[in-house]
Amino acid sequence: MSTPDNRDAYARPAVDNDPVELAEWYRSQFGWHVRLDGDIVHLRLDHGMMAFLVPFSRVTEVFWARRRLDLLGPVLLVRGAASHVVLLADSNDVVLSQQDLPAGTGLLRAPSWLQLPSDGQGSAATRWLEEPRSTTRWLPSATAVLRAVIMATSVERTIGVPSRQASVIHRDNRAHEAVAESGETLRRRIA
């Protein structure tokens, strides 16, 4: 794979590149098991990978919780009748079931397949909200991602913040306003 002189050798291929090159980049940089179906790149969740599915209506809370936990990792938007956010995670041999998750969230395990943005940025069906980074190749642990999902659900129930944080927000509403503003900005950008 060739890169222009001004690009990092590990950077995602340019948007106008062939999906074959993008699939090869996912393989070489992350060790992901991907396949091409025409021009569509699919990721197989195997080798310790899993994904959490959260309704798009909770995107603000999910990003707030991820920021709060200093959690990095790829996040994918899957558009459809019921749009949702997909958070990739390393299962670390953790065994989870649907009963372990907050209501309305889902769990994908091996041997599930996910459609990835074939143009590197986003198609009508999928888009990276946070792209995978070759400099942080490893996925966050499933337990950390589950904690963020649980926190996001707590945020939803307590008008924007987990209950133990409520007194701080009542004293200083700026933190909540910043989270709400960043979520609204994200929603507008995605729409």
Side-chain angles (χ1 to χ4, degrees), residues 1-4 6-60 62-63 66 71-92 96 98 101 104-142 144-146 148-149 152 183 185-191:
M1 173 172 43
S2 64
T3 59
N6 63 346
R7 289 182 50 96
D8 179 353
Y10 300 108
R12 177 181 48 76
V15 172
D16 57 355
N17 282 349
D18 186 348
V20 172
E21 187 174 341
L22 186 61
E24 180 55 36
W25 183 76
Y26 286 130
R27 280 186 203 104
S28 66
Q29 295 303 311
F30 305 105
W32 290 357
H33 180 180
V34 294
R35 74 166 188 224
L36 279 173
D37 184 13
D39 285 344
I40 299 172
V41 180
H42 292 275
L43 168 66
R44 182 180 171 108
L45 297 179
D46 59 6
H47 303 295
M49 289 179 77
M50 63 189 331
F52 293 85
L53 289 87
V54 180
F56 179 71
S57 61
R58 293 187 188 159
V59 72
T60 303
V62 167
F63 273 84
R66 291 177 77 242
L71 188 61
L72 300 174
V75 179
L76 186 67
L77 169 65
V78 178
R79 295 181 176 127
S83 294
H84 54 274
V85 176
V86 177
L87 298 103
L88 297 178
D90 184 332
S91 66
N92 295 329
L96 297 172
Q98 190 62 44
L101 302 176
T105 60
L107 184 63
L108 292 177
R109 295 176 288 259
S112 301
W113 289 90
L114 282 174
Q115 181 179 339
L116 297 178
S118 296
D119 59 7
Q121 194 58 13
S123 65
T126 60
R127 177 179 181 184
W128 286 116
L129 297 181
E130 186 169 327
E131 289 188 31
R133 296 184 185 112
S134 58
T135 55
T136 54
R137 176 180 173 152
W138 309 116
L139 295 173
S141 73
V145 174
L146 177 60
V149 169
T185 302
L186 181 62
R187 284 189 176 117
R188 280 194 301 274
R189 190 175 53 159
I190 292 167

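Side-chain atoms are counted along with the backbone in the values below, which use heavy atoms only and exclude waters and symmetry mates. Start at 1 with the first residue, then count along the sequence.
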Would you confirm whether [X], through its side chain, and [Y], through its main-chain N or O, come within 3.5 Å as a donor-acceptor pair?
X     : Y      : answer
Arg35 : Arg44  : no
Arg27 : Val34  : yes
Gln98 : Thr105 : yes

To the nearest 0.5 Å, what is the distance between [atom1] on [X] and [atom2] on [Y]?
X      : Y      : atom1 : atom2 : result
Leu36  : Asp18  : CG    : CG    : 8.0 Å
Ser112 : Leu107 : OG    : CG    : 8.5 Å
Trp32  : Asp46  : CH2   : CG    : 12.0 Å
Leu129 : Leu76  : CG    : CG    : 7.5 Å

Any non-hydrogen side-chain atom of [X] less than 4.5 Å from a side-chain atom of [Y]?
X      : Y      : value
Val145 : Met50  : no
Val41  : Trp25  : no
Leu77  : Phe56  : yes
Pro74  : Leu139 : yes

Which heavy-atom pair separates [X] from [Y] by the least distance, and what is that distance?
X      : Y      : answer
Pro117 : Leu22  : O-CD2, 3.2 Å
Val75  : Trp128 : O-CE3, 3.4 Å
Gly73  : Pro140 : CA-CD, 3.9 Å
Gln115 : Ala125 : NE2-CB, 3.8 Å
Ala142 : Ala89  : CA-CB, 3.8 Å

If the plane angle is over 60° it's perpendicular, under 30° parallel, otherwise tilted; pick one for Trp113 and His33.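 Geometry flag for His33 against Trp113: perpendicular rings.
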
Would you please name every residue forming a salt bridge (Lys or Arg N to Asp or Glu O under 4.0 Å) with Asp37, sequence neighbours left out?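 By the salt bridge (Lys or Arg N to Asp or Glu O under 4.0 Å) rule, Asp37 matches no residue at all.
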
Sorted by chain and residue number, the salt bridge (Lys or Arg N to Asp or Glu O under 4.0 Å) partners of Arg109 (sequence neighbours excluded) come out as none

Worked check of side chain to side chain contact (heavy atoms under 4.5 Å, CB included) between Leu116 and Thr126: CA-CA 6 Å; Leu116 297 178; Thr126 60; 5.6 Å; no

Which residue, Leu43, Leu108, Asp90, forms the side chain to side chain contact (heavy atoms under 4.5 Å, CB included) with Met49? Leu43

Step by step, work out the side chain to side chain contact (heavy atoms under 4.5 Å, CB included) result for Leu114 and Leu88. CA-CA 10 Å; Leu114 282 174; Leu88 297 178; 3.7 Å; yes

For Val62 and Val149: C-alpha separation, side-chain torsions, deciding distance, then whether side chain to side chain contact (heavy atoms under 4.5 Å, CB included) applies. CA-CA 6 Å; Val62 167; Val149 169; 5.7 Å; no

